[in-house]
Asks: 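Structure incoming, see below.
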Amino acid sequence: MDLQVKDGWIEVIAGSMYAGKTEELLRRVRRIHYAKKTVLIFKPNIDNRYSNNEVVSHDNGRIQSNDIRNANEIYNYFGSVMPYAVAIDEVQFFGEEVIDVCETLADKGVRVIVAGLDKNFRGEPFGVMPELLARAEFVTKLDAICQVCGAPATRTQRMINGEPAHYDDPIIKVGAKEQYEARCRHCHIVLGKPNGKK
Ligand code: TMP
Ligand code: MG
Ligand code: ZN
């Protein structure tokens, strides 16, 4: 009987902005480096807030990454052997194709580590995240600190000229401290939310 444990699974690191998602992703990547195993790092090239070709956390932790537009481009970075792990930051910005890529890699024995916002500024599930969270073997949900009341923050408040953003604002708007705050459920405000929307 073959009782050998096989590698290959999906890990999701989710939470609001400023919860330390990228820090946690980088921590896992560094441990893989210490173990002298290979890891390829990717992020969508929509997010050039702090740097191109680097994953950068709000605390300025940084590591070399490959900026790609479509998750299928990940396959182009493989040589003759598969890497031990693939890490993707800001995964919420990828299209549906990222689900198939993560599943395929995990099936082939790759440890897939992805980090992303579980909710958009409206407080609703962000893009592909619900699907990834459901399919993952391991989920880590991190919280930040509410900038209004100090409670654990699970949501991201978008501010426009000092006012809460309107529900109809575009979902994608790259930014940091100048337009986003971490907030708890009770301090999170969305203007113009349609009746009956939770
Ligand atoms: P972070 O999770 O690493 O802090 O980065 C989240 C990025 O997502 C940041 O560039 C702002 C962006 N963002 C949106 O595009 N739409 C949203 O609704 C929210 C909350 C964030
Ligand atoms: Mg981040
Ligand atoms: Zn609060």
Side-chain angles (χ1 to χ4, degrees), residues 11-30 39 41-69 71 86-95 98 113-130 132-133 139-194 197-198:
E11 300 170 25
V12 175
I13 303 161
S16 69
M17 286 180 73
Y18 318 114
K21 301 182 301 297
T22 304
E23 271 304 312
E24 177 58 23
L25 182 95
L26 295 181
R27 190 184 74 86
R28 295 183 195 186
V29 165
R30 284 189 207 107
V39 52
I41 304 153
F42 298 93
K43 69 178 168 69
N45 71 353
I46 182 178
D47 183 13
N48 55 3
R49 264 178 314 176
Y50 299 109
S51 149
N52 285 317
N53 294 312
E54 273 184 327
V55 168
V56 183
S57 73
H58 293 290
D59 283 344
N60 221 19
R62 54 181 69 215
I63 231 158
Q64 234 22 67
S65 73
N66 303 294
D67 291 7
I68 54 174
R69 280 182 185 282
V86 162
I88 310 173
D89 198 18
E90 304 285 1
V91 71
Q92 77 277 354
F93 287 139
F94 282 108
V98 77
I113 310 166
V114 304
L117 290 169
D118 52 349
K119 292 187 279 295
N120 57 35
F121 76 97
R122 296 171 167 177
E124 295 172 348
F126 205 139
V128 293
M129 287 301 284
L132 287 172
L133 284 161
V139 171
T140 304
K141 206 156 163 171
L142 301 173
D143 56 276
I145 296 294
C146 176
Q147 287 174 232
V148 177
C149 76
T154 53
R155 299 184 180 208
T156 309
Q157 178 70 50
R158 181 185 289 167
M159 302 295 284
I160 297 173
N161 301 323
E163 294 292 323
H166 196 275
Y167 186 88
D168 290 337
D169 225 39
I171 296 291
I172 295 183
K173 201 179 259 183
V174 170
K177 302 261 186 243
E178 69 296 340
Q179 39 181 342
Y180 289 105
E181 295 179 9
R183 298 240 183 139
C184 72
R185 164 188 295 278
H186 305 287
C187 298
H188 183 251
I189 299 167
V190 185
L191 296 180
K193 214 168 185 177
K197 271 271 179 201
K198 276 287 170 213

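Order of listing sets the numbers, starting from 1, for every ligand and every atom in it. Keep in mind that what you see is a predicted model, and the values were worked out from it rather than measured.
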Asks: Return yes or no for this condition: an N or O of H58 is under 3.5 Å from an N or O of ligand 1.
Replies: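 Yes; the residue has a nitrogen or oxygen that sits under 3.5 Å from a nitrogen or oxygen of the ligand.
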Asks: Within the 4.0 Å heavy-atom shell around I171, which atoms of ligand 1 are there?
Replies: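 Ligand 1 atoms under the 4.0 Å threshold to I171: 14 (C), 15 (O), 16 (N), 17 (C), 18 (O).
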Asks: Is F126 in polar range of ligand 1, meaning some N or O pair under 3.5 Å apart?
Replies: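 No; every N/O pair is 3.5 Å or more apart.
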Asks: Under 4.0 Å from any heavy atom of V174, which atoms of ligand 1 are there?
Replies: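 Close to V174: 10 (O).
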Asks: What are the two closest heavy atoms between Y167 and E124, and how far apart are they?
Replies: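 Scanning both residues completely, I find the closest heavy atoms to be OH-OE2, 2.7 Å.
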Asks: Consider ligand 1: state whether an atom of it lies below 4.0 angstrom from any non-hydrogen atom of E90.
Replies: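 So E90 counts as touching ligand 1.
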Asks: Short list, please: which atoms of ligand 1 are under 4.0 Å from a heavy atom of R158?
Replies: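 Counting from 1, the qualifying ligand atoms are 16 (N), 17 (C), 18 (O).
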Asks: Kindly compute the distance separating OG (S16) from CG (D118), expressed to the nearest 0.5 Å.
Replies: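 These two atoms lie 7.5 Å from each other.
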Asks: Could you list the atoms of ligand 1 found under 4.0 angstrom from a heavy atom of N120?
Replies: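 Counting atoms of ligand 1 from 1, those under 4.0 Å from N120 are 18 (O), 20 (C).
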Asks: Say whether Y18, considering both its backbone and side-chain N or O atoms, lies within less than 3.5 Å of an N or O atom on ligand 1.
Replies: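 Among all N and O atoms of Y18, none is under 3.5 Å from an N or O of ligand 1.
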Asks: For side-chain contact (heavy atoms from CB on, under 4.5 Å), just list the numbers for K43 and F93, CA-CA rounded to whole Å, side-chain angles, deciding distance to a tenth of an Å, and then say yes or no.
Replies: CA-CA 9 Å; K43 69 178 168 69; F93 287 139; over 6 Å; no
Asks: Within ligand 1, which atoms have a heavy atom of Q92 less than 4.0 Å away?
Replies: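 Under 4.0 Å from Q92, ligand 1 has these atoms: 8 (O).
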Asks: Are R62 and E54 ion-paired here, with the side-chain N under 4.0 Å from a carboxylate O?
Replies: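 Looking at E54 together with R62, the answer is yes, because their closest N to O distance falls below 4.0 Å.
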Asks: Tell me, please: is R122 in heavy-atom contact with ligand 1, that is, under 4.0 Å?
Replies: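 Not so, R122 does not reach ligand 1.
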Asks: Can you name the atoms of ligand 1, numbered from 1 with element, that are less than 4.0 Å from a heavy atom of G175?
Replies: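 Numbered from 1, ligand 1 contributes 9 (C), 10 (O), 11 (C).
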Asks: Taking it one step at a time, do T156 and F121 satisfy side-chain contact (heavy atoms from CB on, under 4.5 Å)?
Replies: CA-CA 5 Å; T156 309; F121 76 97; 5.6 Å; no
Asks: Do K21 and ligand 1 have an N or O pair less than 3.5 Å apart?
Replies: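 Looking only at distances, the answer is yes, because the N/O contact criterion of under 3.5 Å is met.
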Asks: Which is it for D89 and I41 under the side-chain contact (heavy atoms from CB on, under 4.5 Å) test, yes or no, and what are the steps along the way?
Replies: CA-CA 8 Å; D89 198 18; I41 304 153; 6.0 Å; no
Asks: Nearest to atom 21 (C) of ligand 1 by heavy atom, L117, T156, D118: which?
Replies: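 Looking at heavy atoms only, L117 sits closest to atom 21 (C) of ligand 1.
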Asks: Is there side-chain contact between M17 and L117, with at least one heavy-atom pair below 4.5 Å?
Replies: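 When only atoms from C-beta onward are counted, L117 and M17 do touch, with a gap below 4.5 Å.
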Asks: Give a yes or no on whether T22 keeps an N, O or S atom under 2.8 Å from the Mg ion (ligand 2).
Replies: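 Within the cut-off used here (under 2.8 Å), T22 does place an N, O or S atom near the Mg ion (ligand 2).
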Asks: Under 4.0 Å between a side-chain nitrogen and a carboxylate oxygen: does that hold for R27 and E24?
Replies: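 Here R27 pairs with E24 in a salt bridge, since their nearest N and O are under 4.0 Å apart.
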Asks: Within the structure provided, determine whether K21 and T140 are in side-chain contact (heavy-atom separation under 4.5 Å).
Replies: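 Sidechains of T140 and K21: no contact.
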Asks: Measure the spacing between CZ of R183 and CE of M159 and express it to the nearest 0.5 Å.
Replies: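 Between atom CZ of R183 and atom CE of M159 there are 5.0 Å.
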Asks: Within ligand 1, which atoms have a heavy atom of I172 less than 4.0 Å away?
Replies: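 Here the atoms of ligand 1 in question are 15 (O).
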Asks: Report yes if the side chains of T154 and K141 come closer than 4.5 Å at any heavy-atom pair, otherwise no.
Replies: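 Result no, sub-4.5 Å side-chain heavy-atom pair not found.
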Asks: Mind checking whether the Zn ion (ligand 3) has an N, O or S of C187 under 2.8 Å?
Replies: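 It does: C187 brings an N, O or S atom closer than 2.8 Å to the Zn ion (ligand 3).
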Asks: At a threshold of 2.8 Å, where the distance has to be below it, does the Zn ion (ligand 3) have an N, O or S atom of H188 nearby?
Replies: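 Checking H188: none of its N, O or S atoms is under 2.8 Å.
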